[in-house]
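First the structure, in the form of structure tokens, and then the observations on it.
Because only heavy atoms are used, hydrogens play no part in the values below, and waters and symmetry mates are left out as well, while side chains stay in.
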Amino acid sequence: MHRTALTIDELAARAGVTVRTVRFYSARGLLPPPEIGPRRVGHYGPGHLSRLALIEELQHQGLTLAAIERYLQQLPADISAHDLAIHRALVASWLPEGTEEIDREQLERRAGRPLDDTDLDRLAAMDVLERTEDPDAFRVDPGILHLGVRLLDVPFRVETVLAARAVMLEHARAAAHELGRIFLDEVWEPERPERMRSLSAQMQPLVVQALVTTFQRSLKEELRAWPAPKPGRERDGIREEGEAAGPGRDPRPPS
């Protein structure tokens, strides 16, 4: 597992901003203070990284610093990096898709770690990056890069990631199709296309938030219904904790 304590230089590199920007946000109270380690060096964690990504996304949305301050003040004081990432996803979900092309050195600097071919395959499977004709150049979604990098330490096989992605795409498309049908049947006014487009744009963030909230609740219910793991049972090639490795078996989780 890779360490999560970052210096201010490492935090800025991972977030794709300058150290000056990090200090400016900290001075405005948009970022919580770092933990102070030995020799009075500040250490930042995943929460700071997720908060920076959210701030940058809010700025891309056109919010002023004052509006961003008000937005962040409404969040719980103990909000997790995971929940901050969900907020960022909701903010970004109705913006035009944006990627940037970077080379391998820039990618690893943003990721905060070396990336081998297996790592790149898994990030590509998660739609975090796309390979190009140049083997050392990649198109990257910077907003979800650090989330994808965190998932690299979860022992899922690429096949598992692809299967999960296929399930989400299938059901997301079905939900979008049915919601579009309802909108056309109940709301659409053909003689007022401009008003309909405006109404659709207003509805989109509300629909996305409703879908995310519904999914979170459904997933929590599903996880609560899972049976307790039995000794010696394996799921998706991952040996449960406490099971002895049999002869000729690698006790490590698959990469």
Side-chain angles (χ1 to χ4, degrees), residues 1-28 30-32 34-35 37 41-63 65 68 81-82 84-158 161-162 165 255:
M1 187 72 69
H2 293 259
R3 67 186 181 89
T4 56
L6 306 170
T7 65
I8 190 170
D9 296 279
E10 292 170 332
L11 176 69
R14 292 280 297 274
V17 299
T18 64
V19 170
R20 182 179 179 182
T21 297
V22 174
R23 288 184 172 140
F24 175 74
Y25 289 155
S26 297
R28 291 291 298 255
L30 301 179
L31 285 177
E35 292 185 9
V41 175
H43 293 292
Y44 299 82
H48 293 91
L49 193 57
S50 292
R51 191 174 287 260
L52 268 176
L54 175 58
I55 293 169
E56 290 293 298
E57 204 63 67
L58 290 168
Q59 282 199 318
H60 293 160
Q61 177 75 353
L63 271 67
L65 279 175
I68 293 173
H82 169 79
L84 282 167
I86 291 175
H87 274 269
R88 187 265 167 194
L90 288 171
V91 170
S93 60
W94 58 89
L95 295 175
E97 293 185 7
T99 60
E100 59 182 75
E101 190 163 317
I102 59 179
D103 60 29
R104 189 160 188 154
E105 181 182 353
Q106 292 171 312
L107 176 62
E108 292 186 340
R109 185 166 64 248
R110 293 282 291 272
R113 58 187 282 182
L115 299 170
D116 60 25
D117 287 339
T118 300
D119 294 331
L120 295 175
D121 287 341
R122 295 181 67 183
L123 291 173
M126 291 184 278
D127 271 350
V128 173
L129 62 78
E130 179 184 351
R131 296 179 185 271
T132 67
E133 294 181 359
D134 182 346
D136 288 321
F138 308 89
R139 280 185 287 273
V140 177
D141 183 337
I144 61 173
L145 174 60
H146 69 282
L147 296 176
V149 170
R150 286 170 60 190
L151 284 174
L152 291 178
D153 290 319
V154 180
F156 290 151
R157 296 175 298 177
V158 172
V161 176
L162 290 172
R165 179 175 178 271
S255 58

ask   = Salt-bridged, Glu108 to Arg104, with N to O below 4.0 Å?
value = yes
For Val19 and Ala12 the tightest heavy-atom approach is N-CB, 3.8 Å
Side chain to side chain donor-acceptor pair (under 3.5 Å) filter on Asp121, not counting sequence neighbours, yields Arg131
Looking only at heavy atoms, the pair that brings Thr18 and Thr21 closest together is OG1-OG1, 2.9 Å
To the nearest 0.5 Å, atom CG of Leu107 lies from atom CD of Glu101 at 12.0 Å
> Is the side chain of Arg14 donor-acceptor paired with the backbone N or O of Ala111 at a distance under 3.5 Å, no angle test?
Replying inline: yes
Correct closest heavy-atom pair for Pro34 and His43 would be CB-O, 3.3 Å
Taking atom CD of Gln59 as the centre, report whether more than 12 heavy atoms of other residues, nucleotides or ligands fall under 6.0 Å from it. yes
One should read off an interatomic distance between Leu152 CG and Leu120 CG, to the nearest 0.5 angstrom, of 9.0 Å
Scanning both residues in full, the closest heavy-atom pair of Arg122 with Val154 reads NH2-O, 2.7 Å
Sequence neighbours excluded, the answer for side chain to side chain donor-acceptor pair (under 3.5 Å) partners of Thr132 is none
Would you check if the side chain of Gln106 reaches a backbone N or O of Asp103 as a donor-acceptor pair within less than 3.5 Å? yes
Rounded to the nearest 0.5 angstrom, the CG-CG distance for Leu54 and Leu49 is 12.0 Å
Should Leu115 and Leu123 be marked as a side-chain contact (heavy atoms from CB on, under 4.5 Å) after you check the CA-CA gap, both sets of side-chain angles, and the distance that decides it?
-> CA-CA 10 Å; Leu115 299 170; Leu123 291 173; 4.2 Å; yes
Residues Val17, Tyr25; criterion side-chain contact (heavy atoms from CB on, under 4.5 Å); working and verdict: CA-CA 11 Å; Val17 299; Tyr25 289 155; 5.5 Å; no
Are Tyr44 and Ile8 close enough, and set up right, to give a side-chain contact (heavy atoms from CB on, under 4.5 Å), and what steps lead you there? CA-CA 7 Å; Tyr44 299 82; Ile8 190 170; 3.8 Å; yes
Note: Arg51 and Leu30 closest approach over all heavy atoms is CD-O, 3.0 Å
Nearest heavy-atom approach of Gly148 to Met126 is O-CE, 3.6 Å
>> If you apply the rule side-chain contact (heavy atoms from CB on, under 4.5 Å), what do you find for Ile55 with Arg28, and how did you get there?
In response: CA-CA 12 Å; Ile55 293 169; Arg28 291 291 298 255; over 6 Å; no
